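Report on the structure given below.
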Amino acid sequence: MAKTRWMAAAGAIVLMVTALLLPVSAHAQKTLYVGGTQSLTGPFAEDSAAVLLGIEDYVKYVNETKNMAPWRKEKFPADVKLEVLWRDDELKPAKAMPIYEELKAKGMLVGRISGSPIALALKDRMWEDKMGATSMATGSYLLTPPQSIFTYYPIYTDCIAAVADWFKGNWKETRKPKVAYLTADNAMGRSIEIPEMKAYLEKIGYEFVGTQYVPLVPTSPPTTQLTWLKEKNVDLALGVMINPGSQPTVKEMVRLGMGPFQQHKMTFGVASPGHGGIFAPAMGELGDGYVCAGSFPNWDDPSAGVKFMLDIQKKYHPQKMNTNIMYQGGILEAMIQVEALRLAMQALPVDKLTRRDVLEKGFYMIKNLDTGEISSTPITYGPGDIQGVDQVRIDQIQKGKVVKVGLTPIRNIYTKK
């Protein structure tokens, strides 16, 4: 019996020593989820797939290295593992609502918004639940407090204000330039139609002409809308469109002899998500003159962030490099969600965290988050401050390439109610 006890004690000691000698990563890890609802079916499918891949790649990188980025010194906790959790909402609020409840029940402490219809459906519920979330949509509806949905590029009104500032700064004639809206016929496109936006355009010296709508994904060229703009002698058309809308619009503009380098001089400027990085490869020099504000750096940009994104893609899926510009949006969303979790864990043990903790001790505490210049400026949040950047990047297509032509301060066009 004594020998048996001695052997048992010796075995226990061996187990204890072995456990102490093992690296932290070999011990049981706690799991935290990132990700959320995606729109992998419908008009945003390509963009959303790129976002999801960016989130997945960043999570692999953090799990492997425990680094937050090559240029950052902070480390993610060694005993915590990240896992991507997502579902396809098909850009349908009726599907997004139960998905949100499912993921919340599984223990998700962060969420995401995949489009304007989803934001409008979930924003109040998320605030009630104190769920901090990143968003692929950036309408002015996110600025009506209280809110817990955070953006990483400017809201649509501030984006088109940046285009208007840039165009006016290059205006050479003595008369007032004429401006009109040429925008998607959905919640996203119509979000710019607020009194403050029209007042700002008139304040800085524009003559406002009116509005024309184009279906989110046109089934025929928007000839009627463009002819109306041409007849009104519009100099600058502003809107919010995705590339399936902006590309056929510009093709029809060229056919009608409209554009900065065409017989009828009219510039067409959009907010993200009409990204030049998607537009230019598809359109080439046919799209010269097209302007987009609020997007991300092109893939040939020398910034640390672009190098990082190319490096991790070459590591994880070298045969399937994704150059959709919204991959960069996915990296930013993952960076923000993971940073919120990291900061919250500095205040509380991981197994004690609640959604409110991650919102208040995580998202609200993000200050000057260095994204390697993927976002237009470092990202800062706080209570009532959900717009992470304070400047707007402006790109124009020139000779078939994306060219950065400006960086202007956010004008805060939308007045918080």
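None of these values were measured; they are calculated from a predicted model.
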Roughly how far apart are [X] [atom1] and [Y] [atom2], rounded to 0.5 Å?
| X | Y | atom1 | atom2 | answer |
| --- | --- | --- | --- | --- |
| Thr65 | Lys75 | OG1 | NZ | 6.5 Å |
| Lys404 | Ile394 | NZ | CD1 | 9.5 Å |
| Ile397 | Phe279 | CD1 | CZ | 6.5 Å |
| Ile113 | Met126 | CD1 | CE | 4.0 Å |
| Lys95 | Ile118 | NZ | CD1 | 11.0 Å |
| Lys314 | His317 | NZ | NE2 | 12.0 Å |

Short question: side chain of [X], backbone of [Y] - any donor-acceptor pair under 3.5 Å?
| X | Y | result |
| --- | --- | --- |
| Gln225 | Tyr213 | yes |
| Asn67 | Pro70 | no |
| Tyr206 | Ala164 | yes |
| Asp357 | Thr354 | yes |
| Thr249 | Gly245 | yes |
| Lys367 | Tyr364 | yes |
| Asp288 | Lys399 | yes |
| Tyr381 | Thr151 | yes |
| Asp129 | Met131 | no |
| Thr183 | Val240 | yes |

When the ring planes of Phe296 and Tyr152 are compared, do they come out parallel, tilted or perpendicular, using 30° and 60° as the limits?
-> parallel
How are the rings of Trp299 and Tyr327 set relative to one another: parallel (under 30°), tilted (30 to 60°) or perpendicular (over 60°)?
-> tilted
Which heavy atom of [X] sits nearest to which heavy atom of [Y], and what is that distance?
| X | Y | result |
| --- | --- | --- |
| Pro222 | Pro248 | CD-O, 4.2 Å |
| Ile278 | Asp47 | CD1-OD1, 3.6 Å |
| Leu369 | Arg72 | CD1-NH1, 3.4 Å |
| Ile194 | Thr157 | CD1-CG2, 3.8 Å |
| Pro260 | Thr267 | CG-OG1, 3.5 Å |
| Cys159 | Val392 | CA-CG1, 4.2 Å |

Would you say [Y] and [X] are linked by a side-chain donor-acceptor pair, where the criterion is simply a distance under 3.5 Å?
| X | Y | result |
| --- | --- | --- |
| Asp300 | Asn298 | yes |
| Asp89 | Thr37 | yes |
| Asp165 | Thr408 | no |
| Gln337 | Arg112 | no |
| Thr223 | Glu252 | yes |
| Glu373 | Ser303 | no |
| Ser48 | Gln38 | yes |

Stepwise, does the side chain to side chain contact (heavy atoms under 4.5 Å, CB included) test hold for Ser191 with Ser116?
-> CA-CA 9 Å; Ser191 70; Ser116 293; over 6 Å; no
More than 12 heavy atoms from other groups under 6.0 Å of [atom1] on [X]:
| X | atom1 | result |
| --- | --- | --- |
| Lys60 | NZ | yes |
| Lys265 | NZ | yes |
| Lys81 | NZ | no |

May I ask you to decide whether Glu202 forms a salt bridge with Lys198, counting only side-chain N to carboxylate O separations under 4.0 Å?
-> yes
Asp235: which of Arg175, Lys176, Lys178 passes salt bridge (Lys or Arg N to Asp or Glu O under 4.0 Å) =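 Among Arg175, Lys176, Lys178, the one that satisfies the salt bridge (Lys or Arg N to Asp or Glu O under 4.0 Å) with Asp235 is Arg175.
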Salt bridge (charged side-chain N to carboxylate O under 4.0 Å, His left out) between Lys315 and Asp311, intermediate numbers included = CA-CA 6 Å; Lys315 180 177 182 179; Asp311 286 346; over 6 Å; no
Walk me through it: do Glu102 and Arg87 pass the test salt bridge (charged side-chain N to carboxylate O under 4.0 Å, His left out)?
-> CA-CA 10 Å; Glu102 177 200 352; Arg87 299 287 185 273; 2.8 Å; yes
Under the side chain to side chain contact (heavy atoms under 4.5 Å, CB included) rule, what do Tyr414 and Tyr141 come out as? Steps first, then yes or no, please.
-> CA-CA 9 Å; Tyr414 181 78; Tyr141 43 75; over 6 Å; no
Kindly determine whether Tyr61 and Tyr316 satisfy ring pair (Phe, Tyr, Trp, His ring centres under 6.0 Å), including the steps that lead there.
-> CA-CA 9 Å; Tyr61 169 81; Tyr316 297 132; 7.9 Å; no
Cation-pi geometry met for Lys130 and Trp127 (6.0 Å, 45°) |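 Ring-cation test returns yes.
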